[in-house]
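Data first, discussion second: the structure below is written as structure tokens.
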Amino acid sequence: MVALSLQKGLLTLVIVGILAVNVKGACNCAANECCSKFDFCGTTAEHCGEGCKSGPCTTTTTNDVSVPDIVTEGFFNGILNQAQGDCPGKSFYTRAAFLDALNSYNQFAKSGSSDDGKREIAAFFAHATHETGSLCYIEERDVPTTENYCDTTKTQYPCNPSKRYFGRGPLQLTWNYNYGAAGNENQFDGLGSPETVANDANISFKTALWYWMTNVHQSVSQGFGATIRAINGPVECDGKEPGKVQSRIQYYQQYCTQFGVAPGDNLSC
Ligand SMILES: *[C@@H]1O[C@H](CO)[C@@H](O)[C@H](O)[C@H]1NC(C)=O
């Protein structure tokens with residue numbers, strides 16, 4: 001009995017040790033490492049196989065969608081042209097920045113069929129269009145001065161008291177823990193200089209794709225409604241903000257039409 005429990009204790013120690021190493025890496029991976037679906041860095045099939053988010057993923061892509069061929073200048077500028085001339089985003093968001101960010105997230109739009117991939121692109125840009133007013137806004141507007149979006153329970157991502165973690169970028173990255181994690185994965189100081197997301201368009205799109213691949217990508221196959229729930233469900237879904245839900249759906253349907261794919265079922269949430 002004694003020997004057995006000693007063995008068990010050792011085993012626990014070993015497992016905890018492995019976990020601790022992995023957690024430390026939480027997707028701030030070395031160049032030769034993959035970021036697994038659970039945000040662990042490593043080079044094994046568990047990391048680089050199914051669900052792999054970034055790095056040298058080995059998952060055989062199931063479609064041949066070329067994102068740059070779908071997100072053409074015409075498509076991107078078609079959104080930007082809806083924004084008024086004096087919009088700050090007009091001289092900030094660019095297709096080139098989106099494509100630069102895409103290099104860090106090569107699994108985007110690669111799940112399922114080509115049509116699934118196109119629907120994922122349509123969904124991403126539908127949310128971005130809604131969140132930013134057709135790429136007009138870089139920063140969230142009308143944030144109450146007392147609201148810094150600092151969740152102090154997330155002790156892994158301590159807030160800098162002089163910084164504010166309100167919405168910035170294509171998907172309006174918000175909260176200290178999202179800035180911290182997005183920064184770790186994309187080599188910038190998310191907690192110390194959240195304003196980077198509003199100053200560097202490449203990083204801005206990287207944070208949007210980080211959020212997408214971490215929180216939304218896996219919902220795409222369940223229909224557009226599930227992506228709304230993943231982005232802002234508690235605020236908008238279940239009848240809370242039907243106008244906003246409808247706005248997102250309309251952009252999604254429009255982009256699906258432009259890409260020549262059916263929008264699929266379960267559009268609302
Ligand atoms: C953004 O990405 C483009 C394309 O990769 C690159 O040429 C440019 O220098 C980058 N900009 C910044 C500020 O890093």
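Position 1 is the first residue of the sequence; numbering continues from there. Predicted model, so just to flag it, every value in this text is computed and none were measured. One-based numbering, in listed order, for ligands and for the atoms of each.
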CA sep, side-chain torsions, deciding dist, call: E73, N77, side chain to side chain donor-acceptor pair (under 3.5 Å): CA-CA 6 Å; E73 272 309 327; N77 292 339; 3.1 Å; yes
Paired with F124, the side chain to side chain contact (heavy atoms under 4.5 Å, CB included) test is passed by just one of T227, L209, V220, V67, namely L209
Do the ring centers of Y149 and Y179 come within less than 6.0 Å of each other? no
Q) According to a 4.5 Å side-chain heavy-atom criterion applied to Ile, Leu, Val, Met, Phe, Trp and Tyr, with indirect links allowed, do I231 and Y165 form part of one hydrophobic cluster? A) yes
among protein heavy atoms, the one nearest atom 13 (C) of ligand 1 is D200 OD2, 3.8 Å
Within 4.0 Å of some non-hydrogen atom of N202, the atoms of ligand 1 are 1 (C), 2 (O), 3 (C), 8 (C), 10 (C), 11 (N), 12 (C), 14 (O)
Looking only at non-hydrogen atoms, the one of I203, L99, D100 nearest atom 4 (C) of ligand 1 is D100
| Can you check whether a protein heavy atom sits less than 4.0 angstrom from atom 11 (N) of ligand 1? | yes
